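Because the structure is predicted, anything quoted here is derived from the model rather than measured. Proteins come first, then strands; the chains are lettered A, B, ... in the order of their sequence lines, and each starts at number 1.
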Number of protein chains: 2
Amino acid sequence: MMHSDNPTLAEKLATAIADGILNGTLRPGLRLDETGLAQQHGVSRTPVREALRQLTMSGLIDMRPRKGAIVSKATPEQVESLFVAMAEMEATCARLAAMSMTPVERRRLQARHEAMTALAGAGDPDAYSNANVAFHSAIYAGAHNAPIAEYTLGLRRRVGPFRRAQFQVEGRLTKSNQEHDAVVRAILSGDAAGAHAAMLHHVGLVEDAFEAFAGIKVA
Amino acid sequence: MMHSDNPTLAEKLATAIADGILNGTLRPGLRLDETGLAQQHGVSRTPVREALRQLTMSGLIDMRPRKGAIVSKATPEQVESLFVAMAEMEATCARLAAMSMTPVERRRLQARHEAMTALAGAGDPDAYSNANVAFHSAIYAGAHNAPIAEYTLGLRRRVGPFRRAQFQVEGRLTKSNQEHDAVVRAILSGDAAGAHAAMLHHVGLVEDAFEAFAGIKVA
DNA sequence: TTGCCTGATATTGCATACAAGCAGCCTGCC
DNA sequence: GGCAGGCTGCTTGTATGCAATATCAGGCAA
């Protein structure tokens, strides 16, 4: 996405900090002290500042002049917005994929889906989860639209921390696979509207699963 | 979007450079020399570097380590992708707006639309164009989804330089207004799929107008 | 003439130094 | 006892200096 052959310190710091945020090491609301980060990574403040400014644009941190940077903490409404946005973008990708995928891409998508059906039948949540990521990525790529695909990928990264342990829910595996089936059929047949609706349904259900999960946690 | 009460030099530089790119002063492919920009704005290289790194994320410029920054020049395919993405995002906003707009927002949208109908009848392209921007912005806001709305706004800014003089085309004004009518009706009636389709149709036609225009220019 | 190597130049990347603004506290006054 | 004002320390914002690398011109050899 943003990788360069010979990443600079600022870029490496940006990915390091982003990783820290995404895997939960850097908690939302945490103050990102420039000097502290610099010492912690053994560099000067300059690349740290550049990394922070870069991360600001992706929404991972919030900077206010003269008041420093903090890990942007999402209110429940903002998390909800992220999930809604995610669903819409996934659906859009599916729509575009139905219109734009090449025959080769369509065949590969089908093969991928069939392999996942087998995994779902075997009941292997871990393998299925990995394959699932690749499945959705294939659809992003199949949209043949760099801005949309990149934004969707970025959203997926951002919502990642909030959607752990989806496939542990009983029966979610086969249900997910059935929904995938609808998506794949629509895409393969070039049914743009159908792909949009099917993906929306699919991701919407995932979101509901999250909400149920969150509700349990809160309660 | 990103404005602060007391903008730093880096932020002011970022907006200044972005303006320069968007209004055509800074041509695509132009090398953005840090020292030059610093002298030109009467500051040191440090805030310039931060501004450039910030702009990198929005896609306006491309930075490669040790090779400096250039105004990102879009190939025709990339411009096409931007327009497609724009259309999809507009349609998504319309879809969400149909589902999420409050009664007040719906009434205001209708009023806005009626005012634009009058402008179209009067044949005032300039006033119509301004109102058009506000009309679409109202729909973004009506989506009630910050990530989607902000991304769509950013896209509109980016495609701006490529879509000048849309409403000069004969008959475009009334046609645009008719399409708006379909969009507004769908949104007001809560018809999500209809709003999506109507907006897609609307923005798709605008894109075609651009392509015709570009074709003429090239030919 | 063409290709490659080599050195000079210029530009970027990073570190350090300096200036400016905010936070919290302490003191003095009401 | 409470509050206003100022002061101190810390953090951010900006400038400058140094090191490393890409670019390009020129020369040399094939």
Next on the checklist: Go nucleotide by nucleotide along DNA chain D from the 5' end; which of A/A69 and A/T46 gets its closest nucleotide reached first?
Outcome noted: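 Taking each residue's closest nucleotide, the earlier one in sequence belongs to A/A69.
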Expressed as a whole number of angstroms, how long is the span from [X]:[atom1] to [N]:[atom2]?
X	N	atom1	atom2	answer
B/E50	D/dA15	CD	P	11 Å
A/I61	D/dT12	CD1	C1'	14 Å
A/K12	C/dC14	NZ	P	9 Å
B/L32	C/dT12	CG	C1'	14 Å
B/L9	D/dT16	CG	P	13 Å
B/M63	C/dT11	CE	C1'	12 Å
A/R64	D/dT12	CZ	P	14 Å
B/R53	C/dT12	CZ	P	13 Å

Checklist entry - If you round to the nearest 0.5 Å, how far is CZ of B/R158 from CD1 of B/I21? => result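 Interatomic distance, B/I21 CD1 to B/R158 CZ, rounded to 0.5 Å: 10.0 Å.
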Next on the checklist: Just N and O in the side chain of A/R49: are any of them under 4.0 Å from OP1 or OP2 of D/dT12?
Outcome noted: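 Checking A/R49 against D/dT12: no side-chain N or O falls below 4.0 Å of OP1 or OP2.
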Checklist entry - Counting only side-chain N and O atoms of B/K67, is one of them less than 4.0 Å from OP1 or OP2 of D/dT23? => result yes
With respect to the side chain of [X], which nucleotide from [options] is positioned closest?
X	options	result
A/S44	C/dA23, C/dA15, C/dG13	C/dA15
A/V43	C/dA15, C/dA23, D/dG13	C/dA15
B/R45	D/dA15, D/dT12, C/dT12	C/dT12
B/P47	D/dT12, D/dT14, C/dT12	D/dT14
B/R66	D/dG13, D/dA22, D/dT11	D/dA22
B/T35	D/dT11, C/dA15, C/dT12	C/dT12

Next on the checklist: Over 60° means perpendicular and under 30° means parallel, so tell me whether A/H180 and A/H113 are parallel, tilted or perpendicular.
Outcome noted: tilted
Checklist entry - Has the side chain of B/R95 got a donor or acceptor atom that lies under 3.5 Å from a matching backbone atom of B/M199? => result no
Item to check | Output field: ring centroids A/H201/A/H196 closer than 6.0 Å | outcome: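 That pair fails the under 6.0 Å test.
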Checklist entry - With a 4.5 Å limit on heavy-atom distance, are the side chains of B/Q54 and A/T56 in contact? => result no
Next on the checklist: Classify A/R31 by what it touches in the nucleic acid, base, sugar-phosphate, or nothing, heavy-atom distance under 4.0 Å.
Outcome noted: sugar-phosphate
